[in-house]
Amino acid sequence: MYPAVKRNILLTPGPTTTTDSVKWAQVVPDICPREAEFGAVMEHISTELTRLVAEPEYYQTILFGGSGTAAVEAMISSVPGSEAVVIVNNGAYGKRMCEIAAVYGIDYLEFKSPFDDAIDIAELERYIQASGREISHLAVVHHETTTGLLNKVKEIGKLCKRYHIDMLVDAMSSFAAIPMDMKEMNISFLASSSNKNLQGMPGVSFVIAKKSKLEKLKDRKPRNYYLNLYAQYQYFVEHAQMRFTPPVQTLYALRQAIEELKQESISKRYDRYTTSWKTLISGLKRLGLTHIVPEEHHSRIITSIHEPHTDFDFQSMHDYFYSKGMMIYPGKLEGLKTFRIANIGDITAKDMELFLELLEEYISRL
Ligand SMILES: *Cc1c(COP(=O)(O)O)cnc(C)c1O
């Protein structure tokens with residue numbers, strides 16, 4: 001066994017509080033990642049990640065060294081051709097996909113939707129019809145971490161099917177917590193990372209793609225080098241290697257984190273998160289605090305909370321919690337005073353109760 005590591009409670013949307021076994025999985029003998037032994041570790045991780053959402057026979061996980069945005073950028077920059085892409089923007093991460101598309105000169109149409117309410121699917125359909133454009137792809141965030149809004153990806157997938165549009169999904173903060181099935185939801189490409197609901201260390205990001213759609217990228221002129229999705233895919237299939245130096249220790253931790261996820265199961269993990277979230281929501285109500293997204297559209301993963309109307313300063317509240325070993329997160333909405341509390345990672349409702357006790361004490365002192 002290994003010595004315990006000081007436990008901090010991260011109420012942030014990733015990196016999260018991890019188990020000691022995941023932390024210690026990083027301490028391994030030095031290894032050249034080009035050795036077959038390490039290639040086998042990556043192949044195992046890749047297949048296991050695919051298995052969480054799809055059949056490995058038809059879908060493939062493509063690993064990159066990088067933060068989650070690397071996978072989103074790989075997807076947005078590598079998949080669309082010359083036809084138009086619709087990007088749904090109802091928060092900071094939808095906006096980020098627009099910004100990535102703009103940088104690469106990709107022909108995109110921005111569908112704006114309220115940040116605090118469900119996407120109107122009929123309106124999205126009218127938008128597609130009225131565009132008068134050849135639309136090949138649609139990109140959407142599954143769970144908008146900006147607010148905690150859970151987008152109806154399955155319904156958007158149905159709409160895409162009717163219009164022969166391939167769907168790209170940023171599932172960064174939903175993957176491994178909210179059960180999903182890429183085939184059933186009609187997702188062709190999905191991006192996520194190692195350090196959110198997977199409860200691993202930061203440094204690995206990945207795209208899971210339908211193989212038949214990946215193969216279509218073969219003759220596409222690359223728009224970039226490191227983040228080229230097809231090149232990374234082809235190299236991995238041929239050599240069981242990433243093209244460039246992988247984050248070795250993060251991958252060992254990820255292997256352990258996947259093992260622990262399988263032991264818990266995605267649905268049980270979501271139940272645990274949901275219990276923590278319900279504890280949070282009822283505590284907020286008791287303290288007279290309000291949050292942004294209606295509960296029926298809520299992810300139950302992160303909650304965007306209005307600042308108390310009293311003399312409130314996020315930084316000083318942050319510092320108070322930090323001194324108690326708890327980390328909280330600022331808001332990300334322009335023009336609205338909010339802060340965010342996530343309930344993912346190796347934490348339980350007990351940690352949330354402790355947070356609420358401290359919050360009550362902090363507010364009462366204002
Ligand atoms: C966290 C997150 C990202 C990626 O963030 P990184 O800081 O690059 O890891 C992208 N999209 C969503 C929805 C996220 O929650």
Side-chain angles (χ1 to χ4, degrees), residues 10-18 49 53 62-79 87-103 113 115-116 119 138-153 156 167-178 180 185 187 189-208 224 226-227 229 247 250-251 253-254 257 270 273 277 292-293 297-304 327-333 338-345:
L10 272 62
L11 303 177
T12 54
T16 66
T17 299
T18 55
L49 289 173
V53 290
I62 302 115
L63 302 166
F64 286 93
S67 88
T69 305
V72 177
E73 185 165 338
M75 187 169 77
I76 298 289
S77 64
S78 304
V79 177
I87 302 179
V88 177
N89 174 359
N90 60 352
Y93 295 99
K95 182 166 174 247
R96 185 176 296 178
M97 290 201 287
C98 292
E99 286 165 0
I100 293 170
V103 165
S113 180
F115 65 84
D116 58 351
I119 294 168
L138 178 147
V140 63
V141 175
H142 188 198
H143 167 219
E144 247 308 344
T145 324
T146 320
T147 51
L149 180 63
L150 188 64
N151 288 328
K152 296 178 196 164
V153 165
I156 298 173
M167 185 163 65
L168 318 180
V169 176
D170 171 351
M172 205 67 60
S173 59
S174 53
F175 187 85
I178 298 176
M180 57 181 100
M185 295 165 89
I187 303 172
F189 296 86
L190 171 160
S192 192
S193 71
S194 52
N195 62 269
K196 292 195 173 175
N197 309 320
L198 277 167
Q199 299 181 186
M201 295 295 155
V204 175
S205 63
F206 54 89
V207 174
I208 307 181
N224 54 14
Y226 187 90
L227 293 175
L229 191 62
T250 297
L251 283 157
L254 181 55
Y270 196 37
Y273 288 179
W277 177 73
I292 286 178
V293 172
H297 303 308
H298 204 287
S299 65
R300 306 171 181 182
I301 280 177
I302 188 167
T303 305
S304 197
M327 290 169 224
I328 63 170
Y329 221 49
K332 210 180 170 92
L333 285 163
T338 57
F339 64 96
R340 287 179 293 170
I341 297 299
N343 47 271
I344 63 174

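Indexing begins at 1, ligand by ligand and atom by atom, following the structure's order. Not measured: the values here are computed from a predicted model. Index from 1, following the sequence.
A donor-acceptor pair is defined here as one N or O able to donate and one able to accept, closer than 3.5 Å; no such pair exists between the side chain of T18 and the backbone of Q199.
The minimum heavy-atom distance linking I87 with M97 is given by the pair CD1-O, 3.7 Å.
The 12-atom threshold is exceeded at NZ of K152, counting heavy atoms of other residues, nucleotides or ligands nearer than 6.0 Å.
Any N or O atom pair closer than 3.5 Å counts here, and V72 shares no such pair with ligand 1. In terms of polar-atom proximity, defined here as any N/O pair under 3.5 Å, T69 does make such a contact with ligand 1. Taking only nitrogen or oxygen atoms, main chain and side chain alike, H143 does not reach within less than 3.5 Å of ligand 1. Some N or O of S67 is nearer than 3.5 Å to an N or O of ligand 1, by distance alone.
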Self-check item: Worked verdict on H297 versus L150 for side chain to side chain contact (heavy atoms under 4.5 Å, CB included)
Solution: CA-CA 6 Å; H297 303 308; L150 188 64; 6.0 Å; no

Exercise. Starting from the C-alpha separation in whole Å, work towards a yes-or-no answer on side chain to side chain contact (heavy atoms under 4.5 Å, CB included) for R96 and V141.
Key: CA-CA 10 Å; R96 185 176 296 178; V141 175; over 6 Å; no

Practice problem: Go through Y93 and T146 one step at a time and tell me if the side chain to side chain contact (heavy atoms under 4.5 Å, CB included) criterion holds. | Solution: CA-CA 7 Å; Y93 295 99; T146 320; 3.7 Å; yes

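Between F64 and Y226, the ring planes lie tilted relative to each other; the angle falls in the 30° to 60° range.
With a heavy-atom cut-off of 4.0 Å, H142 does not touch ligand 1 at all.
Distances below 4.0 Å separate heavy atoms of K196 from the following atoms of ligand 1: 1 (C), 2 (C), 3 (C), 14 (C), 15 (O). Ligand 1 places these atoms under 4.0 Å from at least one heavy atom of R96: 4 (C), 5 (O). For ligand 1 and S173, the ligand atoms under 4.0 Å from any heavy atom of the residue are 15 (O). Near G68, meaning under 4.0 Å from one of its heavy atoms, ligand 1 places the atoms 4 (C), 6 (P), 8 (O), 9 (O). The distance from ligand 1 to the heavy atoms of T145 drops below 4.0 Å at these ligand atoms: 12 (C), 13 (C), 14 (C), 15 (O).
A cation-pi contact, defined as under 6.0 Å to the ring centre and within 45° of the axis, is absent between K196 and Y329.
Taking each of T146, D170, T12 in turn, the one with a heavy atom nearest to atom 10 (C) of ligand 1 proves to be D170.
Protein heavy atom at the shortest distance from atom 3 (C) of ligand 1 is M172 CG, 3.4 Å.
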